[in-house]
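Beneath this line is the structure, given in structure tokens, with notes to follow.
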Amino acid sequence: MNICIIGLGYIGLPTAAMFSTHGHKVLGVDINKKVIDALNQGKVIIEEPYLEEMVNDAVKGGTLKASEKPDEADAFIICVPTPIRADKTADLSYVENAARMIIPYLKKGNIVILESTSPPGTTRDFLGSIFSHAGFIPGEDIYLAYCPERVLPGRILIELKENSRVVGGINEESARVVKELYKSFVEGEIYTSEATTAEMCKLMENTYRDVNIALANELAMLCEKMRVNAWDVIKFANKHPRVNLHMPGPGVGGHCIAVDPWFIVEKQPEIAKIITLARDTNDGMPQHVLGRIEALTSHIEGKKKILILGVTYKPDVDDMRESPIIELIGQLKKEGVYNTVIVDKHVDYEGSKDNDLYEAAKNAHLIVLAVNHSEYKNIDFARLKEAMNSPKVLDTRNFWDRDIVEQAGLEYHLLGCGRNQF
Ligand SMILES: NC(=O)c1ccc[n+]([C@@H]2O[C@H](COP(=O)([O-])OP(=O)(O)OC[C@H]3O[C@@H](n4cnc5c(N)ncnc54)[C@H](O)[C@@H]3O)[C@@H](O)[C@H]2O)c1
């Protein structure tokens, strides 16, 4: 088939690479000229293992090229961003622009697929009405379906192939033709369903995780008050064959788990009470960590130096989107009594990339382990102790071994743990 993919980011580009190396001819469309120029030279501007090699092969083989404008095709796939607005509703303007962009090239019998994570009803009602107004009856003149991604950055090409998928058509025939198309490279199971069901399914996958993390965070705060260690509670409770408590932490970040639940809330705020509460609980964790920092440094007069280890939204990535640590740093600054220094070699945030851990620890009153990057596992705690003004650490991830830290002469404090000794 001739396939036109709108939006060549983390999702659109690997999808384009897959289709173009599995028997189809792909035209990738983006509004960013840098993306287009790079692709046409067989290069990519995002980091993803094996992607550049695959793109290069397809471009050389003549099955993949990029342009600022769409062209006629058999199938159009929309992979543009769906960011969240300040009022916690989805900004569908990119999806709308992409849909309007393809209308001049659309013909009867074409397939249109939405891959962007979207609020329930987006495919059937929002896109459906845009195409109806343009004179195409969805389900009769064109096939229309939602086909979400559940890939993990860093493993996108493997997971695009191996993961199972759900395809939601606005009618059975739309789901069937889209399933056939994705079978060109998907080796996992492809389940077909109705469009809004598939949208809800995608959103609930991330909502399930968000709600469970909120439960773990609530447990952590309860345990601090009750002088119990939440991490022990979780470890032992999870020995139960039907219990899977998640891990607490300083908040939830990233552009999926911290965002997708709001797309459900915006549609049914009166009913989505647990989902809203979970979002609020997780968003409140930086404030809770601030409280712990205040308590641990209350005896210090004047400015207090806090060393923050890690600022990304999860370990070993260079992504700071929606990171709760940035929120925590903002709150510390607002207090006006903290001097924050950040160390994180994965990203450059206020000099974090170049800051040396042991230099940055000089005269610090507290070290907060905010992100469990692998390089923080085996650090020289004795050297940190020597450098610090008041030798205390707050581990928000249960990442360090209390005995090792204490043997080095540092006071060890743990998020979710209300007592310091067994
Ligand atoms: N990245 C992930 O791991 C992931 C996983 C599942 C779902 N998603 C969802 O997939 C969608 C895309 O995410 P992403 O991470 O690929 O985003 P991205 O920001 O990496 O890429 C989006 C691309 O679309 C382009 N674009 C924007 N408007 C356009 C338009 N009108 N025409 C053509 N190009 C346009 C941008 O220039 C950009 O290159 C989002 O809805 C996201 O929530 C992402």
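First listed ligand is number 1; within each ligand, the first listed atom is number 1.
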> Does K108 have any salt bridge (charged side-chain N to carboxylate O under 4.0 Å, His left out) partners at least two apart in sequence or in another chain, and if so, which?
Replying inline: D141
>> Please find the pair of heavy atoms, one from A145 and one from G169, that lie closest to each other, and give the distance.
In response: CB-CA, 3.9 Å
> Would you say ligand 1 has an N or O under 3.5 Å from any N or O of D30?
Replying inline: yes
> Within the distance-only criterion (no hydrogens, no angle test), does the side chain of K314 pair as donor or acceptor with the backbone N or O of D319 below 3.5 angstrom?
Replying inline: no
> Among T117, D260, I5, I156, whose heavy atom sits nearest atom 8 (N) of ligand 1?
Replying inline: T117
> Where on K202 is there a heavy atom closer than 4.0 Å to ligand 1, on the side chain, on the backbone, on both, or on neither?
Replying inline: side chain
> So which heavy atom in the protein is nearest atom 3 (O) of ligand 1, and how far is it from that ligand atom?
Replying inline: P153 CG, 3.8 Å
> To which of G7, G254, P83 does the heavy atom nearest atom 24 (O) of ligand 1 belong?
Replying inline: G7
> Within a radius of less than 6.0 Å around CD of E173, do more than 12 heavy atoms belonging to other residues, nucleotides or ligands occur?
Replying inline: yes
> Any nitrogen or oxygen of Y94, main chain or side chain, under 3.5 Å from a nitrogen or oxygen of ligand 1?
Replying inline: no
>> I need the atoms of ligand 1 closer than 4.0 Å to a non-hydrogen atom of I6, numbered in the order shown.
In response: 32 (N), 33 (C)
>> Between K60 and D57 (salt bridge meaning N to carboxylate O under 4.0 Å), is one present in this structure?
In response: no
> Considering only protein heavy atoms, which is closest to atom 19 (O) of ligand 1, and at what distance to one decimal place?
Replying inline: P81 CG, 4.0 Å
> Below 4.0 angstrom, N of the basic side chain to O of the carboxylate: do K202 and E199 qualify?
Replying inline: no
>> With a 4.0 Å cut-off on heavy atoms, is R150 in contact with ligand 1?
In response: no
> What protein heavy atom is closest to atom 11 (C) of ligand 1, reported as residue, atom name and distance in Å?
Replying inline: V80 O, 3.4 Å
>> If you take the nearest heavy atom of each of R321, K34, H255, K33, which one is closest to atom 1 (N) of ligand 1?
In response: H255
>> Starting from atom 21 (O) of ligand 1, what is the nearest protein heavy atom, named by residue and atom, and what distance separates them?
In response: G9 CA, 3.1 Å
>> With a sphere of 6.0 Å drawn around NE2 of H133, does it hold more than 12 non-hydrogen atoms of other residues, nucleotides or ligands?
In response: no
> Any nitrogen or oxygen of E115, main chain or side chain, under 3.5 Å from a nitrogen or oxygen of ligand 1?
Replying inline: no
> Which of the numbered atoms in ligand 1 are below 4.0 angstrom from a heavy atom of E149?
Replying inline: 6 (C)
>> Within a 6.0 Å radius of atom CZ on R209, are there more than 12 heavy atoms belonging to other residues, nucleotides or ligands?
In response: no
> Which bit of M101 gets closer than 4.0 Å to ligand 1, counting heavy atoms only: side chain, backbone, both or neither?
Replying inline: side chain
Would you be so kind as to tabulate the donor-acceptor pairs closer than 3.5 Å made by side chains of residues 2-27, with sequence neighbours excluded?
residue: T15; atom: OG1; partner: I11; partner atom: O; Å: 2.7
residue: S20; atom: OG; partner: A16; partner atom: O; Å: 2.7
residue: S20; atom: OG; partner: A17; partner atom: O; Å: 3.1
residue: T21; atom: OG1; partner: A17; partner atom: O; Å: 2.7
residue: T21; atom: OG1; partner: M18; partner atom: O; Å: 3.1
residue: H22; atom: ND1; partner: M18; partner atom: O; Å: 2.7
residue: H24; atom: ND1; partner: M1; partner atom: N; Å: 3.0
residue: H24; atom: NE2; partner: S184; partner atom: OG; Å: 2.9

>> Is it true that, when you exclude Y94 itself, more than 12 heavy atoms of the residues, nucleotides or ligands shown sit nearer than 6.0 Å to its OH?
In response: no
>> Walk me through whether S174 and N171 qualify under side-chain hydrogen bond (donor to acceptor under 3.5 Å, both in side chains).
In response: CA-CA 5 Å; S174 294; N171 58 356; 2.5 Å; yes
>> Just to confirm my output: which protein heavy-atom neighbour is closest to atom 14 (P) of ligand 1, and how far is it?
In response: Y10 N, 4.0 Å
>> Give me the nearest non-hydrogen protein atom to atom 26 (N) of ligand 1 as residue plus atom name, then the distance to 0.1 Å.
In response: I31 CG1, 3.7 Å
> Does the pair K304/E335 count as a salt bridge with the N-to-O cut at 4.0 Å?
Replying inline: no
> Any idea which protein heavy atom is nearest atom 5 (C) of ligand 1, and the distance to it?
Replying inline: I11 CD1, 3.7 Å
>> So for atom CD, which belongs to E96, do other residues, nucleotides or ligands contribute more than 12 heavy atoms lying within a distance under 6.0 Å?
In response: yes
> Numbering the atoms of ligand 1 from 1, which are under 4.0 Å from a heavy atom of C79?
Replying inline: 12 (C), 22 (C)
> Counting from 1, what ligand 1 atoms have a heavy atom of V29 closer than 4.0 Å?
Replying inline: 33 (C), 34 (N)
> atom 41 (O) of ligand 1: which protein heavy atom is closest, and how many Å away?
Replying inline: T82 OG1, 2.6 Å
